[in-house]
Amino acid sequence: MLPKGPYDPHKYEPEILKWWLKSKFYKPEYDPKSNRLLSLEELKKDKTPTYCIIIPPPNAYGRPHMGNVSAFAYEDLFLRFYRQLGYRVYGQPGKDHAGIQGEIVVLREHFRPQGKSKQNMTREEFYKETYRYFQTQIPLIREVEKRIGLSADFDRDTFTLDPDIVKLVLETFIKLWEDGLVYKGVRIVNWCPSCKTALADVDTEKKERKGRFYYIKYPLLNTDQKVITIKVNQQTIQEFIEKGEITLYNLDSTLDNGDIVVLEVESNHKQRVASVLIDRQGKALRLINTNDFSNFITVATTRPETMLGDTAVVVNPKDKRYKHSIGRKVLLPLVWREIPIIADGRVDMELGTGALKLTPAHAPEDYEIMLTWNKENPKEQVDYINVIDKDGSIVGPTGQFFGLNVEEAREKVVEELKKLNLIEKIETKSQIIRVCERCKTPIEPLMSSQWFIKIDALRKPAIEVVRKGKIKIYPKNMTKKYFHWMENLRDWPISRSLWWGYRFPVWYKGKPEEFVDENGKIVTKIGDTVVRDIHEAVKKGLAVVSLKKPEGDGWIQDDNVFDTWFSSGQWPFVTLMKWDLFDKFYPTDLMETGYDILEWWVSRMIMLGLYRTGKIPFKEVYLHGLILAEDGQKMSKSKGNVVYPDEVINEYGADALRLFYFTGAKAGAGMPLERSKLEGNRRFLNKLWNIAKFVLMNIEDVYNEIPTWSEKDVQLKDEDKKMLKEVKTMAQKRIEAFKNYTFGSFIIDLRTSVWNTFADWYIESVKPRLYNKEGSQDKDPESRKAAQYTLYNVLRTYLILLHPFIPFITDRIWQEMPKRKGDHKSLMFVKD
RNA sequence: GGGCGGGUAGCUCAGAGGUUAGAGCGUCUCGUUUACACCGAGAAGGUCGCAGGUUCGAAUCCUGCCCCGCCCACCA
């Protein structure tokens with residue numbers, strides 16, 4: 001018998017949970033028939049069909065949030081459903097070190113209170129202590145996983161920085177390297193000139209400041225106007241500047257009057273002087289001046305000094321003012337380089353003149369435009385020229401400006417442009433700049449050398465498997481998002497300037513130092529040798545890609561760590577490999593995660609899974625909705641609208657919260673937290689509890705025999721048949737609902753069926769047959785027996801159907817139910 | 001800027017060519033106390049964002065517009 005009073009989740013849920021855990025029901029080795037644990041060997045040989053979900057690992061610090069816990073609930077729903085059906089089920093739990101976010105949080109919340117920072121710690125100290133700290137956090141997170149009912153094998157909970165995992169992950173990198181899919185290239189980074197480090201966007205903040213908006217005229221070249229560069233010595237230049245005219249005899253004979261000759265001083269950071277050919281026969285040149293050009297294109301900038309690194313002018317292709325100019329060339333003043341006019345739809349026609357100077361090395365937006373343009377115009381590639389060094393000084397092919405700091409260079413650039421009459425006007429303007437979060441120094445975007453993975457070889461098979469339906473994505477419309485992302489992928493930058501994570505297994509003979517060469521390109525110096533790329537360094541024996549530090553002294557490890565997606569992208573197979581369950585459970589059956597990380601995580605798992613194992617990592621992907629705050633906004637600490645799932649469990653119980661996730665489960669969309677729904681769920685649970693009390697109370701006299709009754713033993717009335725048919729239909733619908741991931745509407749139907757059909761209609765109408773009192777209409781014992789039979793079997797089936805959704809209350813009721821022969825003591829293993 | 005999704009009852013959302021558009025919560029009326037007041041019976045409440053179009057028939061399909069949200073630019 002069930003105890004009197006309303007259902008109290010706080011009393012029953014912990015009891016049930018303790019029993020499940022103690023009985024090892026969650027382990028794939030648990031065998032319900034023999035009620036014992038198989039050995040690993042027995043498990044491997046076992047022929048029972050398998051079902052496996054790799055649980056997306058929550059961050060290994062802090063309190064699990066709604067997103068984490070909703071995911072656990074959805075995953076558990078499937079684990080329990082298939083476990084009930086008799087599959088051998090494995091849920092692989094894990095915890096994520098969370099790269100940059102983990103580093104920020106541990107520095108702020110653990111180290112800062114102790115007065116420690118990256119400035120007064122060694123990398124080794126930091127790593128060791130952070131690892132230790134995370135190990136203290138993990139059990140707390142695991143508790144929440146257990147409380148929501150997640151039936152994963154917690155004995156195999158795995159941390160992403162577990163040494164076994166690290167080894168497996170790095171092996172993939174080595175394989176990529178050996179297959180020629182890894183290279184070092186350059187990418188724009190947020191550089192803090194004061195902290196001398198690259199920063200992620202989250203390490204920077206935006207600040208408004210007043211600045212000047214300079215309108216600079218760039219001379220437009222005529223289509224037939226030629227520009228050539230010749231090298232001369234310093235003395236020649238000197239004479240030229242003094243006299244204003246010069247004759248050169250080694251000029252190209254195809255030049256015409258009006259063509260431009262740029263004189264470049266040898267070995268002096270490409271100091272250049274521009275001149276015009278005024279006498280083709282006499283080969284006489286005159287210093288260039290504004291009057292030599294009839295057309296200009298004016299660009300506006302807050303940072304005139306960056307023009308030294310301009311490699312194009314960009315206009316909006318829709319802009320009528322410039323449409324005809326696209327494809328033409330301009331002569332970049334002061335450094336006198338010929339640069340093209342290109343087009344990009346992102347250029348704001350209203351801002352400035354609508355023409356943008358493109359400095360890919362020192363402006364993230366410009367860098368993006370360069371990449372897009374190059375992708376779409378492979379024959380007219382635009383390059384970068386890096387002109388600002390990591391200490392804030394001017395470098396690269398910048399002639400007279402070389403070595404100045406940024407402010408000095410700005411003044412001097414403006415001064416020189418004024419001399420040439422190329423400044424149209426100067427306005428004041430407030431601008432948003434990024435500053436370093438720590439020291440508030442303005443960020444200097446610049447190029448830095450990074451590790452990349454060539455994406456093409458990985459991308460193609462990953463698109464194929466989804467296109468051919470080998471991996472199915474639910475909801476279906478997300479497939480579009482996947483393809484869009486995959487088709488637009490560029491090479492994947494996998495290195496991050498952090499301490500917390502997987503360090504690159506690359507070793508250098510001496511500390512590698514990046515610097516900018518005379519062409520504005522990033523090159524690396526290892527010891528005394530300058531190398532253009534990593535392949536050259538390896539060839540020369542200055543770098544080694546290897547899991548272990550090479551023999552001998554002086555080897556220094558690469559100080560980059562991997563993008564966390566590089567490791568989490570391998571999560572399905574590395575975890576299974578670690579536990580020697582790869583052959584048993586890979587490919588896994590379902591990847592259940594939030595729709596917001598389809599591109600970030602799911603796509604990487606598909607690519608890296610296929611690459612390393614040759615097989616898909618999972619057969620289906622289900623993307624659940626995101627839980628929003630009660631105000632309909634995204635939960636965030638700064639908005640103060642965060643509600644933690646453990647609080648909700650404390651108030652309503654785990655089953656009520658699970659039901660909330662499932663009933664509102666609109667895949668791929670947001671769902672606001674709603675207390676009234678949680679209340680409603682609690683009422684439903686109480687209703688179920690009372691239904692069970694009622695049924696048990698009314699079958700008490702036949703408790704032991706009722707499970708043996710079959711339909712033949714009773715004379716069912718129409719209402720009995722109708723009721724039995726309804727639960728049977730629900731059982732069939734459930735199979736479909738899980739297959740099609742429409743469990744959200746199914747559980748609403750099931751709940752309506754339990755409440756409206758069973759409780760409100762059937763039970764109410766059957767009462768007279770049960771009470772069998774004097775004066776009641778129906779005293780027939782056969783009628784009573786049929787009602788008892790129906791009550792028992794309907795409740796039994798409802799409990800089974802409901803169990804994956806609300807496991808605690810159903811298993812608690814199950815404990816009191818009369819059992820059939822062979823019934824397992826837990827509903828987790830009862831199929832029908 | 002690009003991509004994705006959404007606008008249906010007071011609130012949160014279902015419905016995706018076919019009678020009179022649904023559910024939960026809220027509101028109102030009535031009832032019951034031998035499973036349950038965390039209950040039961042019932043009611044009110046909608047130009048389905050706007051404007052066109054296709055169709056015998058449109059919340060649903062098409063076109064245009066308006067509004068809202070999310071994702072993307074070393075955040076996991």
Side-chain angles (χ1 to χ4, degrees), chain A residues 2 4-8 57-59 96-105 187-190 198-204 316 344-348 363-369 371-372 445 448 450 475 477-478 480-485 488 492-498 501 560 563-565 568 595-601 625-626 628 630 632-634 652 656 660 663-664 666 668-698 744-745 748-749 751-752 755-756 759-761 763-764 767 770-771 773 791:
Chain A
L2 290 169
K4 279 209 171 274
Y7 176 66
D8 180 9
N59 292 346
D96 191 1
H97 69 284
I100 190 152
Q101 225 173 338
E103 181 162 319
I104 289 170
V105 168
R187 188 183 165 87
I188 197 162
V189 298
N190 296 314
L199 302 173
D201 278 356
V202 291
D203 290 327
T204 67
N316 195 310
D344 190 289
R346 285 169 286 195
V347 175
D348 186 347
E365 299 79 12
D366 293 12
Y367 179 77
E368 279 300 315
I369 290 173
L371 292 179
T372 309
S448 170
Q450 303 285 322
N477 59 22
M478 290 287 168
K480 238 193 279 180
K481 244 176 109 181
Y482 176 79
F483 287 134
H484 183 261
W485 170 265
N488 289 296
W492 177 11
I494 49 167
S495 48
R496 300 287 184 272
S497 323
L498 297 173
N560 285 293
D563 176 9
T564 29
W565 296 115
S568 48
Y595 67 85
D596 56 331
I597 52 175
L598 168 70
E599 294 99 329
W600 289 108
W601 192 35
L626 257 43
L628 307 174
E630 283 171 274
Q633 290 187 303
K634 231 179 148 171
Y652 299 95
F660 170 76
T663 51
K666 198 170 50 166
M671 171 173 56
L673 184 70
E674 223 187 317
R675 300 198 99 77
S676 64
K677 282 188 182 167
L678 289 162
E679 288 287 354
N681 294 343
R682 189 163 64 181
R683 279 187 224 172
F684 173 69
L685 297 173
N686 195 51
K687 189 78 189 175
L688 181 65
W689 183 253
N690 280 300
I691 289 169
K693 274 202 287 196
F694 177 83
V695 172
L696 287 165
M697 194 183 287
N698 283 290
S745 58
I748 292 170
D749 287 352
R751 173 189 161 129
T752 308
W755 203 323
N756 296 5
D760 295 344
W761 170 71
I763 289 183
E764 290 307 323
K767 276 178 178 173
L770 293 168
Y771 296 152
K773 264 200 278 185
L791 284 174

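Bear in mind that the values here come from a model prediction, so they are computed numbers and not experimental data. Below, read A as the first sequence line, B as the second, and so on, with proteins coming before strands; counting in each chain starts at 1.
- Spacing between B/G17 and B/C48 at atom C1', rounded to whole Å, works out to 15 Å.
- Contact annotation: the side chain of A/Leu2 never approaches that of A/Asn690 to less than 4.5 Å [non-hydrogen atoms, C-beta and beyond].
- Whole-Å rounding puts the A/Lys693 NZ to B/C38 P distance at 13 Å.
- Atom-to-atom, CZ of A/Phe694 to P of B/C39 comes out at 17 Å; the value is rounded to the nearest Å.
- Side chains of A/Trp485 and A/Leu598 form no contact here, defined as non-hydrogen atoms less than 4.5 Å apart.
- Residue contacts for A/Gln101: at a heavy-atom cut-off of 4.0 Å it reaches the sugar-phosphate backbone alone, with no base atom in range.
- For B/A76, its base never sits under 3.5 Å from the side chain of A/Glu103 at any donor and acceptor pair.
- Remark: the backbone N or O of A/Trp565 is not paired with any side-chain donor or acceptor of A/Trp600 at under 3.5 angstrom.
- Here the P atom of nucleotide B/C36 and the CD1 atom of A/Ile763 are 12 Å apart, to the nearest Å.
- Under the 4.5 Å side-chain criterion, counting only non-hydrogen atoms from C-beta, A/Glu365 is not in contact with A/Asp344.
- By the 4.5 Å heavy-atom criterion applied to side chains, A/Leu770 and A/Phe694 are counted as neighbours.
- Residue A/Arg675 is out of contact with every strand shown, counting any heavy-atom pair closer than 4.0 Å.
- Counting non-hydrogen atoms under 4.0 angstrom, A/Glu764 reaches a base of the nucleic acid.
- Following rounding to the nearest Å, A/Lys481 (NZ) and B/C4 (P) show an atom-to-atom distance of 10 Å.
- In the set B/C38, B/A76, B/G40, B/G40 carries the atom at the smallest distance from any side-chain atom of A/Asp760.
- Side-chain to base pairing of A/Arg496 with B/C74: one donor and one acceptor N or O lie within less than 3.5 Å of each other.
- Contact annotation for A/Glu679: no contact, since no heavy-atom pair falls under 4.0 Å across all strands.
- The NZ-C1' distance, from A/Lys677 to B/C38, rounds to 19 Å in whole Å.
- With contacts defined as side-chain heavy-atom distances shorter than 4.5 Å, the pair A/Arg683/A/Trp755 qualifies.
- Within the nucleic acid shown, A/Pro6 comes within 4.0 Å of at least one base atom, counting heavy atoms only.
- The separation of B/A21 from B/C25, taken at their P atoms, amounts to 22 Å, rounded to a whole angstrom.
- The side chain of A/Lys687 places an N or O atom within less than 4.0 Å of a non-bridging phosphate oxygen (OP1 or OP2) of B/G40.
- By the 4.5 Å heavy-atom criterion applied to side chains, A/Pro445 and A/Val189 are not counted as neighbours.
- At a cut-off of 3.5 angstrom, the base of B/C13 holds no donor-acceptor pair with the side chain of A/Glu674.
- Nearest-nucleotide assignment on RNA chain B puts the 5′-proximal partner with A/Thr752, out of A/Thr752 and A/Thr564.
- When the nucleotides B/A41, B/A73, B/A76 are ranked by their closest atom to the side chain of A/Asn59, B/A76 comes out on top.
- If you check every strand for non-hydrogen atoms under 4.0 Å, A/Ile188 touches a base.
- Between the side chain of A/Trp689 and the backbone N or O of A/Gly5 there is at least one donor-acceptor pair closer than 3.5 Å.
- Here the shortest heavy-atom pairing between A/Leu498 and A/Gly99 reads CD1-C, 4.0 Å.
- Rounding to whole angstrom units, CH2 of residue A/Trp761 and P of B/A41 are separated by 14 Å.
- Of the side-chain N and O atoms in A/Trp755, one or more sit less than 4.0 angstrom from OP1 or OP2 of B/G40.
- Set against B/U12, B/A35, B/A76, the side chain of A/Ile597 has B/A76 as its closest nucleotide.
- Along RNA chain B, the nucleotide nearest A/Gly680 and the nucleotide nearest A/Ser568 are compared for position; the residue whose nucleotide lies closer to the 5' end is A/Gly680.
- Across every non-hydrogen atom of A/Pro493 and A/Arg496, the tightest pair is O-NH1, 3.2 Å.
- Here, B/G15 and B/A9 have their C1' atoms 14 Å apart, quoted to the whole Å.
- Comparing the P positions of B/G31 and B/C13 gives a spacing of 36 Å, expressed to the nearest Å.
- Counting non-hydrogen atoms under 4.0 angstrom, A/Trp565 reaches a base of the nucleic acid.
- No N or O donor and acceptor, one from the side chain of A/Lys480 and one from the base of B/C4, sit under 3.5 Å apart.
- Of the candidate nucleotides B/A76, B/C38, B/G2, B/G2 has the atom lying nearest to any side-chain atom of A/His484.
- Side-chain atoms of A/Trp601 and base atoms of B/A76 include no donor and acceptor less than 3.5 Å apart.
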Let me have RNA chain B in dot-bracket notation, would you? Count Watson-Crick plus G-U wobble pairs, both distances under 3.5 Å, and use [ ] for pairs crossing earlier ones and | for inter-strand partners.
-> ((((((((.[[[[.)..(...]]]].((((((....).))))).....[[[[[..)....]]]]])))))))....
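- Picking from B/C38, B/A76, B/G40 the nucleotide with the shortest atom distance to the side chain of A/Arg682 gives B/C38.
- Put simply, the side chain of A/Asn686 never gets that close to the backbone of A/Arg682: no donor and acceptor are under 3.5 Å apart.
- Spacing of C1' atoms, B/C50 relative to B/G6, comes out at 16 Å, to the nearest Å.
- Between the NZ atom of A/Lys4 and the P atom of B/A35 there is a distance of 9 Å, rounded to whole Å.
- The distance between atom CZ of A/Arg683 and atom C1' of B/G40, rounded to the nearest whole Å, is 13 Å.
- If you take atom P in B/C67 and the same atom in B/U29, they sit 42 Å apart, rounded to whole Å.
- As rounded to the nearest Å, B/C38 and B/A44 have C1' atoms that lie 25 Å from one another.
- Here A/Ala692 lies out of heavy-atom contact (under 4.0 Å) with every strand.
- B/G64 and B/U27 have their C1' atoms separated by 40 Å, given to the nearest Å.
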